[in-house]
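Both counts, for ligands and for their atoms, begin at 1 and track the order of listing. Only a predicted model underlies this, so the values are computations on that prediction, with no experimental measurement involved.
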Amino acid sequence: MTKGQRGYFGQWGGAFIPEVLQQTFSELNTAYRAARADKQFWQEYVDLMGNYSCRPTPLTFAENLSNHLGGARIYIKREDLNHTGAHKANNVMGQGLLVRRMGKKRVIAETGAGQHGVATATMAARFGFDCTIYMGEVDVARQRPNVFWMEKLGATVVPVKDGSRTLKDAINEAFRDWVTNMDSTHYVLGTACGPHPFPEMVSWFQSIVGIEAKKQIQEQHGKLPDRVYACVGGGSNAMGIFQGFLEQKEVELIGVEAGGRGVDTGKHAARMVGDTASPGVAQGYKTMFLQDDDGQMLDTHSIAAGLDYVGVSPILADLGEKGRVRFEAATDTEVLDALTMTMRLEGIIPALESAHAFVQAIKEASSMSRDQALIINMSGRGDKDIFTIAHAFNDPSWKEFIISRAAEYSAK
Ligand SMILES: *Cc1c(COP(=O)(O)O)cnc(C)c1O
């Protein structure tokens with residue numbers, strides 16, 4: 001991975017932070033550099049993930065799906081089998097180890113859909129840290145099951161009432177907290193975005209996915225894969241698996257963004273596909289943002305809450321610009337079709353986010369030959385999405401169930 005002195009990847013990245021946080025970032029950089037240079041730290045991380053989060057996760061040969069499509073052999077990297085059901089565990093547990101090393105006792109995080117909030121609350125419980133999660137008031141109302149678990153895991157969830165009361169307002173509030181409490185507190189950023197060193201550091205923890213996948217595909221397929229697919233929200237699961245193959249130019253890397261209702265409709269979260277996004281500096285870093293001509297962030301849409309974000313990892317913006325990563329977008333409708341096919345043929349339920357990667361792989365597999373292989377990074381499991389999926393499939397008995405449960409509660 002290319003490493004800029006101040007965290008630049010080509011023209012992207014950097015650290016645009018308030019003066020008061022300079023010291024904290026400099027401490028974080030020092031701690032991160034020291035951990036990265038220390039082989040024992042990485043071993044401790046690998047052991048922890050083996051013990052607590054089912055690593056190494058399997059690489060599953062999807063035989064039925066491969067036969068059905070009649071082209072490349074399809075392998076699925078099973079990040080859904082992590083503790084808490086997604087690759088997010090890799091990042092939060094890694095940062096947890098770092099926080100313990102820095103001697104801090106409190107962590108804060110922002111969350112939109114709530115998945116990163118649950119992962120951070122889990123990590124805090126495991127390490128014995130105090131934990132505060134900032135979440136837009138609108139998201140708190142939309143994501144009650146995740147809020148429920150964060151609180152039960154011991155975290156304080158603060159509903160943010162500013163602005164649009166969603167993710168970007170939660171990010172602002174988390175930074176405000178950090179400025180006030182920087183001596184005791186670490187901000188656990190949830191993806192490979194934000195000011196340096198977060199994009200690089202989060203990618204480093206996630207690289208465990210690519211390291212494992214590279215070894216596993218060589219064992220099972222006898223050679224490297226021809227293509228590797230990953231969905232791209234902020235970009236952390238994609239960076240995780242891509243890093244296993246970055247130096248092998250013959251392996252094509254494909255990032256799949258949220259096409260929502262279509263990249264021409266204004267209702268999507270495609271930053272690297274189409275022409276809605278433009279370069280900008282916001283939230284402490286430079287990347288491709290979905291913004292208007294005045295630099296106001298646009299509303300995004302995706303069926304997958306985890307892909308519904310205005311920015312993208314500066315490292316991926318660079319790899320896209322250089323042509324090392326090809327970007328595609330999958331629409332909400334295509335996602336539901338790929339999800340159905342994967343459930344029926346393989347008995348595997350991808351998260352709505354992960355299903356974006358499946359869409360593109362399924363589109364391309366049949367035009368590849370039988371001795372070629374592709375890997376789909378399945379970032380998480382789909383049972384968390386039962387409310388959204390059941391609603392999208394317009395399942396009548398599910399609707400009945402929700403109504404009867406609501407009646408039960410209001411009767412009491
Ligand atoms: C959060 C999430 C994503 C998106 O985040 P990245 O940083 O782009 O990986 C993707 N898949 C799942 C299952 C998630 O929970």
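- Looking at S354 next to ligand 1, no N or O pair under 3.5 Å apart turns up.
- Between F387 and W398, the distance from one ring center to the other falls under 6.0 angstrom.
- For ligand 1, the polar-atom distance check against A238 finds no nitrogen or oxygen pair separated by under 3.5 Å.
- The G306 neighbourhood of ligand 1 comprises atoms 4 (C), with distances under 4.0 Å to a heavy atom of that residue.
- Within the 3.5 Å criterion, the main-chain N or O of P279 finds no donor-acceptor partner in the side chain of K286.
- More than 12 heavy atoms of other residues, nucleotides or ligands shown are found within 6.0 angstrom of NZ on K363.
- Checking Y75 against Q216 by side-chain atom types alone, no donor-acceptor pair falls below 3.5 Å.
- Counting the atoms of ligand 1 from 1 in the order shown, those under 4.0 Å from a heavy atom of C231 are 10 (C).
- Contact atoms of ligand 1 toward H87: 2 (C), 3 (C), 6 (P), 9 (O), 10 (C), 11 (N), 12 (C), 14 (C) (distance under 4.0 Å to a heavy atom of the residue).
- With contacts defined as side-chain heavy-atom distances shorter than 4.5 Å, the pair V256/V359 does not qualify.
- At least one N or O atom of S236, backbone or side chain, sits closer than 3.5 Å to an N or O atom of ligand 1.
- In terms of polar-atom proximity, defined here as any N/O pair under 3.5 Å, G235 does make such a contact with ligand 1.
- At a 3.5 angstrom cut-off on N or O pairs, T191 counts as close to ligand 1.
- Looking only at distances, no side-chain donor or acceptor of N82 sits under 3.5 Å from a matching main-chain atom of K88.
- Side-chain atoms of T132 and T156 form no donor-acceptor pair, as typed in the model, at a separation below 3.5 Å.
- Checking only distances, G380 never comes within under 3.5 Å of ligand 1, N or O to N or O.
- Using a 4.0 Å cut-off between heavy atoms, K88 contacts ligand 1 through its side chain alone, with no backbone atom that close.
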